[in-house]
Protein chains: 4
Amino acid sequence: MNKLLVENTDGGSVAVHVKNVIIGGKEKVVISGPCAVEDYDIMISIARKLKKLGVDIIRGGAFKPRTSPYSFQGLENEGLKILKKIGEEVGMPVISEIMDTRDVEGCYNYIDMIQIGSRNMYNYSLLKEVGKTNMPILLKRGMSATIEEWLYAAEYIMAEGNKSVVLCERGIRTFETYTRNTLDLNAVALIKERYRLPVIVDPSHGTGIRELVTRMSLAAITAGADGLEIESHIVPDEAMSDAAQTISMETLKTIIQNVKKLNIDFS
Amino acid sequence: MNKLLVENTDGGSVAVHVKNVIIGGKEKVVISGPCAVEDYDIMISIARKLKKLGVDIIRGGAFKPRTSPYSFQGLENEGLKILKKIGEEVGMPVISEIMDTRDVEGCYNYIDMIQIGSRNMYNYSLLKEVGKTNMPILLKRGMSATIEEWLYAAEYIMAEGNKSVVLCERGIRTFETYTRNTLDLNAVALIKERYRLPVIVDPSHGTGIRELVTRMSLAAITAGADGLEIESHIVPDEAMSDAAQTISMETLKTIIQNVKKLNIDFS
Amino acid sequence: MNKLLVENTDGGSVAVHVKNVIIGGKEKVVISGPCAVEDYDIMISIARKLKKLGVDIIRGGAFKPRTSPYSFQGLENEGLKILKKIGEEVGMPVISEIMDTRDVEGCYNYIDMIQIGSRNMYNYSLLKEVGKTNMPILLKRGMSATIEEWLYAAEYIMAEGNKSVVLCERGIRTFETYTRNTLDLNAVALIKERYRLPVIVDPSHGTGIRELVTRMSLAAITAGADGLEIESHIVPDEAMSDAAQTISMETLKTIIQNVKKLNIDFS
Amino acid sequence: MNKLLVENTDGGSVAVHVKNVIIGGKEKVVISGPCAVEDYDIMISIARKLKKLGVDIIRGGAFKPRTSPYSFQGLENEGLKILKKIGEEVGMPVISEIMDTRDVEGCYNYIDMIQIGSRNMYNYSLLKEVGKTNMPILLKRGMSATIEEWLYAAEYIMAEGNKSVVLCERGIRTFETYTRNTLDLNAVALIKERYRLPVIVDPSHGTGIRELVTRMSLAAITAGADGLEIESHIVPDEAMSDAAQTISMETLKTIIQNVKKLNIDFS
């Protein structure tokens, strides 16, 4: 893989701007919020807490890719509208997943960063479509994608002109069943050593176990991650999806405080 | 997974009709052709050979999902038009992969069966869209999809009203690197024992090695597969993609002759 | 891997003799019996049935490698003695697993073929030790061993002088959890095409599901396997281990009858 | 898995003593040295450097499990003797891998800690044998062992009476080929949260890439690891095995300095 856009051979980090937030700069970035946007009231109370804790970007799923067609599929456009309102009220950028090429154009009005989910990492039509926008893109690694395929997926977006791509490692599928996925921090270290796209880590999907989120958040930052995407909720056990891996506001507070204290310098 | 549409608890096989071809009936079905539609001349000469050998449906990729954005992406709509012309001239149904929800409607005019590729098995927007048509769908297993996720992907299509779904096992991603994928015939046996959707096997992607295609084709039929999808070419080494796993017309002839001789009865 | 002993470049099959049974010759070989030797009475009644059905070699575990140290570990030497007695009474060769280098020498008196289990495929001390004997060896593939590593394990035995090695594919560990393992028939086809060691298949561990054993047994033979190792019991549900994948004598009869009817000729 | 010895439900950490070194206590422990003991001169010069850098235990392979029987298999007993001499001269404990039950008793005279390698994690005869000693054991995770199987392997040792077991995560086998293995720090976090055996991490095998060792060493400690086992050499490129993942003394110095600076407190 020579001369790819993902390589940026001048050695500088290609920081990505999401409104006033910079991913890939000196400060570590925390994206947090519930798996799914449930309703305005819950969402605004979560958002106010997140703001107070120093979270940078609010996440909330509106279009939810679920294994079964009979599971809750998200509030869809209604969810995006709630997110937009929330973001404006608390003054924070918002991110949400888009799954259909036909929804890309419409989402500009509602969200500040587009998330490409793990299941759609190989959806090259979608990658090309978001590559034609000038929105920042969070590209999650496919659940069994090699690092090479993942980088090429970023290349699909960048080849269309959009250079604002942030990678997100979220655990890969292995034989291990104790944890939901195997968080691959090797991939993070490798990308920081050899590529210059910002990369963040999702320890929620990466472990699937609430008790492991703190340790793996800090390990991710130590390995070189530029930030974290963490599922949180004011009442984790009542989250409509992914409850087992969703952390409380108290745990999130501990993580953010510790992230600030970590001061690793590999140079 | 109780009471799903994929279960069809009355025990009968849900045969799927593609024009005059029946998949899931008594006769085994062979789908063959090159990985990619290259041009009309090559395609018509391949098609005439396939017809003579007793192949049932012609395959040819028009939209090609490739790991790199810089690899040949297929002839796209031009490829579909060539396929349509070929199909009419030789009098055989044609199948091709569709990757974008926006291309679903247009494809009715050109092809007789829609293929959902491995990379798009989790593309639920696409599954729902083809579920709204009355086209027969060939649903390839995601390269690391569990059998359960694959069946739920079929359920996504069927829940929208389209019951004409044929599954296609095409090898899964494992630690083994000698072969391109690990062909999972357990999955075929399991589906035939417990579910009633027709299931065919792609030994080309399932092995990635030309010399193994004959043996694995026959093993697949013996395990219970309702048919095969095999990449073939008149000059395999000149195929524009997947040459290493593409077989010649002579090998295809051997396979078809042997498939007819196999007469397994498990009852 | 050039010039290895496993390659046998003169193209002939290296048949392995186990008393009067030939593995890797024209006839397909069936090894069967319970997972563990439980007691003499059960074992002799199973053995008489197996003899009547045309099974070639009796299997029964005496040393049982179990995940937990608190699970039944086998009858050990007592089990080997029972096996010997059974073999003599019914006039059939017997095979059992040996796990410790210190047990290799002693086992000559009791069994006719040594099985190296999946967990010990990388136990090079044990491989070298059995390589110094002139006993036929059944070498099961490690649960996550690459084909290359497996062939090198055979090479470890052969490099010590013992050329009587039969490979046994028994399923590999993948992300799939519906089946116990993923039976890798690609590996069988590959070995038959490129190497000349006999290879048999264990569809019991390869699937973990009793209902799939018949289909996968026949698929294995069709892919080129020289024989089968199948767990069977007169009362499968009462087997002390691996009950879920153990088949009845009736099912075994069906398999053997169908194996004889299969007549695949790839030449 | 209830009431296992690995659980130690009183919540205290079971520190393991290797002469004057404590693994699982407050201080992080570093084990380092070359993959294989090559000769006395190289080994003593490495050992003196390691001592100066603050390494706690010297490693060096005498019995080397290699994929091919034709690769260098280690100096065997000669290697153990060199290790013993080195350890005495520099005044540090030494660790080496034992692969054969018959070598367990003899090794007492030469080494201070027995390493059970990844390939022998399922070698229950060997586990029982070292369980009968009172030597501290470093139990590496099998390359595709589940966390549960790994803990049960420790249980095999402990059930025989030897409670001095330290676990070592060394990367698992996945579909990813860019890195040699996928280092599973989830497993480390999980063991620290739910079990009380000390656990260390081997970032050399865990990545297979020298440039990633520093980042992953620190990430491992951050996730909770009690120490590290790192392959190092005075001239890494000349190491007789594993050169690509072996680091220099300078890199090791940086790692040790940074490990001391990390001060994570999750309580």
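Heavy atoms only: backbone and side chains are in, while hydrogens, waters and symmetry mates are out. So you know, we letter chains A, B, ... as the sequences are listed, proteins then strands, and number each from 1.
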Participant: Could I get the full list of side-chain contact (heavy atoms from CB on, under 4.5 Å) partners for C:Ala189, not counting sequence neighbours?
Facilitator: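 Result, side-chain contact (heavy atoms from CB on, under 4.5 Å) vs C:Ala189: B:Leu212, B:Arg215, B:Met216.
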Participant: Please flag which part of C:Phe63 lies under 4.5 Å from any non-hydrogen atom of chain D: side chain, backbone, both or neither.
Facilitator: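 The answer is neither part of C:Phe63.
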Participant: Looking only at heavy atoms, which of residues 117-134 of chain D get nearer than 4.5 Å to chain C?
Facilitator: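 So the qualifying residues are D:Arg119, D:Asn120, D:Tyr122, D:Asn123, D:Tyr124, D:Ser125, D:Lys128, D:Glu129.
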Participant: I need the D:Ile157 CD1 to D:Ile137 CD1 distance, nearest 0.5 Å.
Facilitator: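 Answer rounded to 0.5 Å: 5.5 Å.
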Participant: Could you check whether C:Arg66 and C:Gln73, counting side-chain N and O atoms only, form a donor-acceptor pair closer than 3.5 Å?
Facilitator: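 No pair is found: no donor N or O on one side chain lies under 3.5 Å from an acceptor on the other.
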Participant: What are the two closest non-hydrogen atoms of D:Gly24 and D:Pro198, and how far apart are they?
Facilitator: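 Scanning both residues, the minimum pair turns out to be CA-CB, 4.0 Å.
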Participant: Shortest non-hydrogen contact from C:Ala154 to C:Leu197?
Facilitator: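 It is CB-CD1, 3.8 Å.
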Participant: Taking every heavy-atom pair that is under 4.5 Å apart, which of D:Ala159, D:Ser68, D:Ala145, D:Ser144 has the most such pairs with chain C?
Facilitator: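 Greatest number of close heavy-atom pairs with chain C: D:Ser68.
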Participant: Does D:Asn181 reach the main-chain N or O of D:Leu183 with its side chain, forming a donor-acceptor pair under 3.5 Å?
Facilitator: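 No; zero donor-acceptor contacts below 3.5 Å.
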Participant: Is C:Met113 close to C:Met135 at the side-chain level, that is, under 4.5 Å between some pair of heavy atoms?
Facilitator: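 The answer is no; the side chains never approach within 4.5 Å.
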Participant: Walk me through it: do D:Asp242 and D:Arg210 pass the test salt bridge (Lys or Arg N to Asp or Glu O under 4.0 Å)?
Facilitator: CA-CA 10 Å; D:Asp242 286 347; D:Arg210 195 182 289 169; over 6 Å; no
Participant: Can you tell me if D:Asp202 uses its side chain to pair, donor with acceptor, with the backbone of D:Ser204 under 3.5 Å?
Facilitator: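 At least one qualifying donor-acceptor pair exists.
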Participant: Which atom pair, heavy atoms only, marks the closest approach of C:Val6 to C:Met158?
Facilitator: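 Nearest pair, atom of C:Val6 first, then C:Met158: CG1-SD, 3.8 Å.
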Participant: Determine whether a donor-acceptor pair (N or O, by modelled atom type, separation under 3.5 Å) exists between the side chain of C:Ser241 and the backbone of C:Cys35.
Facilitator: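 Side chain of C:Ser241 to backbone of C:Cys35, a donor-acceptor pair under 3.5 Å: no, none is there.
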Participant: Looking at D:Leu4 and D:Glu155, what are the two nearest heavy atoms and their distance?
Facilitator: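 Heavy atoms of D:Leu4 and D:Glu155 come nearest at CB-OE1, 3.4 Å.
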Participant: Strictly less than 4.5 Å between heavy atoms, which residues of residues 99-108 of chain D line up against chain C? Please order them by number.
Facilitator: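 Against chain C, the residues of residues 99-108 of chain D that fall inside the cut-off (heavy atoms, under 4.5 Å) are D:Met99, D:Asp100, D:Thr101, D:Arg102.
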Participant: Which residues from residues 161-176 of chain C are near chain D, with near meaning under 4.5 Å between non-hydrogen atoms?
Facilitator: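 Listed by number: C:Arg173.
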Participant: If the threshold is 4.0 Å, N to carboxylate O, is there a salt bridge linking D:Glu97 and D:Arg59?
Facilitator: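 Looking at D:Glu97 and D:Arg59, the cut-off is not met.
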Participant: Below 4.5 Å from any heavy atom of chain D, which atoms of C:Thr146 appear? Answer side chain, backbone, both or neither.
Facilitator: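 Looking at C:Thr146, backbone and side chain both touch chain D.
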Participant: Spell out, as yes or no, whether a donor-acceptor pair under 3.5 Å connects the side chain of D:Asp226 to the backbone of D:Ile23.
Facilitator: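 No; zero donor-acceptor contacts below 3.5 Å.
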